[in-house]
Amino acid sequence: MSTHTDRLHDRKFVRTFFTTPTAVKGEDDSAKMLRRAAQLSGIEAPDVWVPDNEDATAPSMRDEGIENIIDVLSEHGDDVPGEIHPRVVWHRESPETRYQGFQHILELADPENGAVEHLDGVVIPEVGDIDDWKKADEFITIVENEHGLEEGSLAMSVIVESGEAELALADLREEMGKPSNNLERLFLLVDGEVDYTKDMRAITPTGELPPWPELRHNTSRGASAAGLIAIDGPYDDIRDVEGYHERMTDNQAKGMLGIWSLTPGQVVEANKSPLPPKNGSWLLEVDDREIELEEEDGRYVYEGDAIELEEAADDQYRLSVGGDERELDGDELSQELLDLASYIPSLNDIVDSMEEFEAAKEAGKGAIAMERSATIVIDGVEVEISNDRMWDEATYQAAQTPITLFQDVYENRPDQHEDLEEMYGEDLVERAMVVG
């Protein structure tokens, strides 16, 4: 028996998981939201589009929802730039619901209906322990055989929204290697914090969802161990763009680079978030907050009032940080600000560093020092800071992740080429596509 960490699907990274109701009651065209979503392109279009025939669609409309998916994919499937993975109904404790989901998959995958050629897989919600995952896998295998499709041609993604499903993450690496199932079809592991909160019987004073960092970590770890992709659940305050960014930044530090998107606006934000920034930026940490400095003529200016700096005498300075005042000479001041500062590298910075290390490695060097310096201005006083960072093979490999993501996006989303070239410039895009 073998174990699996190889990624078996075309996409190595998925940034956006965009759900759309499949049937809207009371509309002349109940599929209008599907039609609108199917015609999104460029940075507004998700990596994975999920016509949602479960929570986003009323139970009385779900049969019509399947018909709508078939109609819309038959008409617009060729134009959808990302992958298409409808969410069907399923429940670990309801055979009736599982059977309904099976019937819906059977209908979606029927070649005579004209949708399966555009279908990349299905999303299975409310899964339980690993045996329940196998039931869904077996149903999909039956569908493939019923319609003469190649086994494993339909991917399966699951939504982790119960304690049982979370525990099943630890079994995946072993189970995916067994010849008695087709679990290699697994693609995405998606967190569903709302139902998970209900399943865990969690309570918060405000009634808001707990952040569940443990669940997100466990899902990301399970995905890494099994060669899958981890996606965070929906962020339902759709106007809170800053909060959405904070959530994505926290996720990315866990290796969870994708997130659920509820609106085209969230799709745009989530598509851009894991990509390296166009311009590098310096930050100063003050009172546990990181404040971005404004760049002016190659200098980085602090404009807040939590840090104060004045020149007291020749090469003597008075620095106040959060009310804590100290007398420092020039070298001590530079070191103090260096300790408070951090740098967010741009795509160009990452490509430059990787190219420099590749050249050094070609010349027989195993490690090199990379210098980064800046002029920081506080209350009109200029301070030079500089540090050296050692780059070895491990540093190079770690830096490669954002580049690999960029390359995966460029290769799989030709509809976003114009957006990327406008964002970074054509020359930098060409360099980023060959480095590494």
Side-chain angles (χ1 to χ4, degrees), residues 241-243 245-250 252-254 272-357 359-360 365-392 394-396 398-399 401-403 423-425 428:
V241 178
E242 184 178 344
H245 275 280
E246 288 177 0
R247 180 71 168 217
M248 288 187 285
T249 300
D250 185 58
Q252 289 157 16
K254 295 178 172 67
K272 291 180 177 179
S273 179
L275 295 172
K278 178 180 180 179
N279 299 308
S281 57
W282 281 93
L283 311 174
L284 283 183
E285 184 175 337
V286 185
D287 296 332
D288 297 324
R289 291 174 55 238
E290 288 187 326
I291 300 170
E292 185 172 347
L293 305 182
E294 295 291 328
E295 183 180 4
E296 296 179 4
D297 299 325
R299 306 178 307 163
Y300 294 87
V301 181
Y302 174 76
E303 297 182 341
D305 54 13
I307 300 179
E308 297 177 354
L309 178 63
E310 61 177 321
E311 192 166 0
D314 187 31
D315 200 39
Q316 293 293 314
Y317 300 86
R318 188 175 296 111
L319 175 68
S320 175
V321 180
D324 180 22
E325 188 173 298
R326 299 176 60 189
E327 296 276 350
L328 304 167
D329 64 24
D331 291 340
E332 291 170 334
L333 176 61
S334 293
Q335 185 59 50
E336 187 71 21
L337 292 183
L338 184 61
D339 291 342
L340 295 175
S342 56
Y343 184 72
I344 299 176
S346 65
L347 178 63
N348 188 63
D349 293 324
I350 297 170
V351 171
D352 276 348
S353 297
M354 291 181 67
E355 288 175 340
E356 187 174 341
F357 181 76
K365 297 178 182 179
I368 59 172
M370 301 271 196
E371 183 185 35
R372 178 162 285 131
S373 59
T375 301
I376 292 180
V377 182
I378 301 174
D379 294 335
V381 180
E382 295 187 3
V383 184
E384 301 292 330
I385 64 170
S386 176
N387 70 343
D388 289 332
R389 183 185 179 193
M390 290 303 298
W391 267 62
D392 57 15
T395 313
Y396 174 83
T401 297
I403 295 297
M423 192 183 309
Y424 297 111
L428 179 55

Rounded at 0.5 Å granularity, tell me how far [atom1] in [X] sits from [atom2] in [Y].
X: E242; Y: R247; atom1: CD; atom2: CZ; result: 15.0 Å
X: R372; Y: N387; atom1: CZ; atom2: CG; result: 7.5 Å
X: L333; Y: L319; atom1: CG; atom2: CG; result: 6.0 Å
X: S320; Y: E308; atom1: OG; atom2: CD; result: 5.0 Å
X: I385; Y: S334; atom1: CD1; atom2: OG; result: 8.0 Å
X: L284; Y: L293; atom1: CG; atom2: CG; result: 4.5 Å

Taking every non-hydrogen atom, the tightest pair across [X] and [Y]:
X: W282; Y: A374; result: NE1-CB, 3.3 Å
X: I350; Y: P402; result: CD1-CG, 4.1 Å
X: M370; Y: S353; result: CE-O, 3.1 Å
X: A369; Y: D388; result: CB-CB, 4.4 Å
X: V286; Y: A306; result: CG1-CB, 3.4 Å

Compare all side-chain heavy atoms of Q252 with those of S273 and state whether any distance is below 4.5 angstrom.
-> yes

Can you check whether I344 reaches L283 side chain to side chain, under 4.5 Å on heavy atoms?
-> yes

Name all residues meeting the salt bridge (charged side-chain N to carboxylate O under 4.0 Å, His left out) criterion together with D250; count only those two or more places apart in sequence or in a different chain, and write none if there are none.
-> R216, K254

Given I378 and V381, is the side-chain contact (heavy atoms from CB on, under 4.5 Å) satisfied, shown in steps?
-> CA-CA 5 Å; I378 301 174; V381 180; 5.7 Å; no

Report, as yes or no, whether the 6.0 Å neighbourhood of atom CD on E371 holds more than 12 heavy atoms from other residues, nucleotides or ligands.
-> yes

How would you list, by chain and number, every residue that makes a ring-ring contact (aromatic ring centres under 6.0 Å, His included) with Y396, sequence neighbours excluded?
-> F357

Tell me, please, which residues at least two apart from Y424 pass ring-ring contact (aromatic ring centres under 6.0 Å, His included).
-> F406

Hey, does the side chain of [X] reach the backbone of [Y] with a donor-acceptor pair shorter than 3.5 angstrom?
X: D349; Y: S346; answer: yes
X: D392; Y: A394; answer: yes
X: D379; Y: L309; answer: yes

Determine which pairs satisfy side-chain hydrogen bond (donor to acceptor under 3.5 Å, both in side chains) with at least one residue from residues 292-304, sequence neighbours left out, and list them in order.
-> R299-E382

For residues 314-333, which residue pairs qualify under salt bridge (Lys or Arg N to Asp or Glu O under 4.0 Å), counting only residues two or more places apart or in two chains?
-> E310-R318, R318-E325, R318-E327, R326-E336

Residues passing the side chain to side chain donor-acceptor pair (under 3.5 Å) test with Q316, sequence neighbours excluded, are none

Check step by step if side-chain contact (heavy atoms from CB on, under 4.5 Å) holds for K278 and L347.
-> CA-CA 6 Å; K278 178 180 180 179; L347 178 63; over 6 Å; no

After noting the C-alpha distance and the side-chain angles of D287 and V321, does the key distance pass the side-chain contact (heavy atoms from CB on, under 4.5 Å) rule?
-> CA-CA 8 Å; D287 296 332; V321 180; 5.9 Å; no

Does a donor on one side chain and an acceptor on the other come within less than 3.5 Å for S373 and E384?
-> no

